[in-house]
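A quick write-up on the structure given underneath.
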Number of protein chains: 2
Amino acid sequence: MAQKDTVKSILNAAEELFSERGFAETSLRNITTKAGVNLAAVNYHFGSKKALIQAVFARFLTPFCDDLEHELDAVQAQLEGRVPALPGLLMLLSQTALRAGHDSPRRLGIFMRLLGLAYTQGQGHLRRFLQKEYGPVFKTFMRLVTAATPELSDEDRFWRIHFMLGATVFTLSGADSLTAMAEHDLGKGSDIAQVVDKLIPFLASGLNAPHQAD
Amino acid sequence: MAQKDTVKSILNAAEELFSERGFAETSLRNITTKAGVNLAAVNYHFGSKKALIQAVFARFLTPFCDDLEHELDAVQAQLEGRVPALPGLLMLLSQTALRAGHDSPRRLGIFMRLLGLAYTQGQGHLRRFLQKEYGPVFKTFMRLVTAATPELSDEDRFWRIHFMLGATVFTLSGADSLTAMAEHDLGKGSDIAQVVDKLIPFLASGLNAPHQAD
DNA sequence: TCTCGTTTTAAACGTATGTTTGAAACAGTT
DNA sequence: AACTGTTTCAAACATACGTTTAAAACGAGA
């Protein structure tokens, strides 16, 4: 059982430290110290730092995407040709995501921060890895969203989907500091599930906005 | 004139490299090589790498914020107590931003990517610098947005502002690769000004969404 | 032309990083 | 109890980084 514990400790420490400081700013010594294991353990169990980064993503993303794929299949079966409703699709996605951070809801924020880093930080190997590994499920989801928004032009839909993605990743990845700000400014904090609840009407309304500004 | 050229070359190279790879992944040797100057020039002219990072932000942000401040003053004078219109405020912000990348519109994308990095990447010194230096103009803008959306609760407005910020930063910072994707998927690319045009109705509609999802 | 403050240069410094190594500790099997 | 494959460990390795240094090159004013 020693191996399992070491591997898991490393993944836990890496996940947290990466999300706090980024990939390049987090050294293997930081990680192994926090995990309470020897420095060489990372290269022994994962092979390299790059492979460790990918493993951190895979541990979260693989169960999430499997779960999502299953849910999407169920939706498609239930529809039998009818068009899906957009808010339902968004809620299904968010609920699946919240479920994926099964330990604590905080983990979703941590992972969103990682996802943001994956796109902003260099790490070309990571983008390629994520694309190859988890691209298909995303395509399926996109197909359903397309069916749910038949009145949108392909162009508007394309851009608005990315506007939604940006709002989500940015907000949830900064959820910790943002709820702290909210608590300070408004005297009212929120947990991440409440933020998601606030996000959904915003996204749904933005996606269905009229083509031109009023 | 030698100093001016060296300083400007360094800033140009740093701006581009930082936006491509992030701060920690870009070495001073990368920067000075690309700029065609000696390695020591950065420490001579800027003092440290941290100071160079701040200088890159200041070169873009100082003219932009001065311009924005001026524009906001004009709006407030013209209003004389009446409530401002939200789409107008958003367009004013985006037009000012587009104007700030006066050399090429591509520069706005580069800078948005830097702004995203500033928030995701560790760099506590940067957040503090930006807050101290450019916080007040942001507060002024926020006051006008608050006046333009009297029907929103403080809580909803707070969160939706950050949803908007996220959609904007994320999309514009990835504008290069996103327009490439759009070209590939739809056979129709866009420049950054067109993306901004598409963004505004999305944001305005999201901000004014009903409180609960339908 | 000489001078003095500024700028550039090549080289070195100290430190931190990812990775490798070879021996020690361990756990399960015969 | 002895053997075997796996895992841990302390130490070292090579490399890359930001920064410093001291000398050289430069440019404008006397």
Side-chain angles (χ1 to χ4, degrees), chain A residues 1-59 114 117-118 121-126 128-129, chain B residues 1-59 114 117-118 121-126 128-129:
Chain A
M1 291 302 102
Q3 165 167 9
K4 280 279 169 63
D5 278 8
T6 299
V7 169
K8 196 181 284 186
S9 304
I10 292 174
L11 285 173
N12 287 339
E15 179 176 288
E16 192 138 347
L17 289 176
F18 282 152
S19 83
E20 285 170 8
R21 320 183 191 180
F23 302 114
E25 296 88 342
T26 304
S27 71
L28 295 186
R29 285 168 177 83
N30 293 151
I31 294 169
T32 51
T33 299
K34 172 157 189 161
V37 304
N38 186 272
L39 166 62
V42 168
N43 285 280
Y44 176 75
H45 286 288
F46 296 92
S48 69
K49 187 181 181 180
K50 281 185 182 181
L52 170 62
I53 294 175
Q54 296 184 0
V56 167
F57 277 83
R59 180 169 68 145
L114 290 177
L117 285 176
Q121 212 132 335
Q123 305 296 346
H125 72 98
L126 227 185
R128 266 173 271 130
F129 169 76
Chain B
M1 290 298 103
Q3 165 165 9
K4 279 279 167 64
D5 278 7
T6 299
V7 168
K8 196 181 281 187
S9 305
I10 292 174
L11 285 173
N12 287 340
E15 179 176 288
E16 192 138 347
L17 290 176
F18 283 153
S19 83
E20 285 170 7
R21 322 182 189 177
F23 304 114
E25 295 88 341
T26 304
S27 69
L28 294 186
R29 286 168 176 84
N30 293 151
I31 295 170
T32 52
T33 299
K34 172 158 190 161
V37 304
N38 186 271
L39 166 62
V42 168
N43 285 280
Y44 176 75
H45 287 288
F46 297 92
S48 70
K49 188 181 181 181
K50 282 185 182 180
L52 169 62
I53 294 175
Q54 297 183 0
V56 168
F57 277 82
R59 180 169 67 145
L114 290 178
L117 285 176
Q121 211 134 333
Q123 307 295 349
H125 73 96
L126 227 184
R128 266 172 272 128
F129 169 75

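Being a predicted model, the structure only gives us computed values, none of them experimental.
The interatomic distance linking Ile31(B) (CD1) with dT19(D) (C1') rounds to 14 Å, in whole Å. Remark: P of dC17(D) and CG of Leu52(B) are 15 Å apart, rounded to the nearest angstrom.
Partners of Phe57(A) according to the ring pair (Phe, Tyr, Trp, His ring centres under 6.0 Å) rule, which considers only residues two or more places apart in sequence or in another chain, are Phe111(A). Looking at residues two or more places apart in sequence or on another chain, you find a side-chain hydrogen bond (donor to acceptor under 3.5 Å, both in side chains) between Glu16(A) and Arg106(A). Partners of Leu39(A) by side chain to side chain contact (heavy atoms under 4.5 Å, CB included), not counting sequence neighbours, listed by chain and number: Leu28(A), Arg29(A), Thr32(A). Shown here are the side-chain hydrogen bond (donor to acceptor under 3.5 Å, both in side chains) partners of Glu15(B), two or more places apart in sequence or in another chain: Arg59(B), Arg107(B). Looking at residues two or more places apart in sequence or on another chain, you find a side-chain hydrogen bond (donor to acceptor under 3.5 Å, both in side chains) between Asn30(A) and Arg21(A), Ser27(A).
Listed pair His45(B) / dT8(C) meets the phosphate criterion, a side-chain N or O lying under 4.0 Å from OP1 or OP2.
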Reading 5' to 3' through nucleotides 9-25 of chain C, protein heavy-atom contacts under 4.0 Å coded B for base, S for sugar-phosphate only, - for none: BB-B----BBBBB----
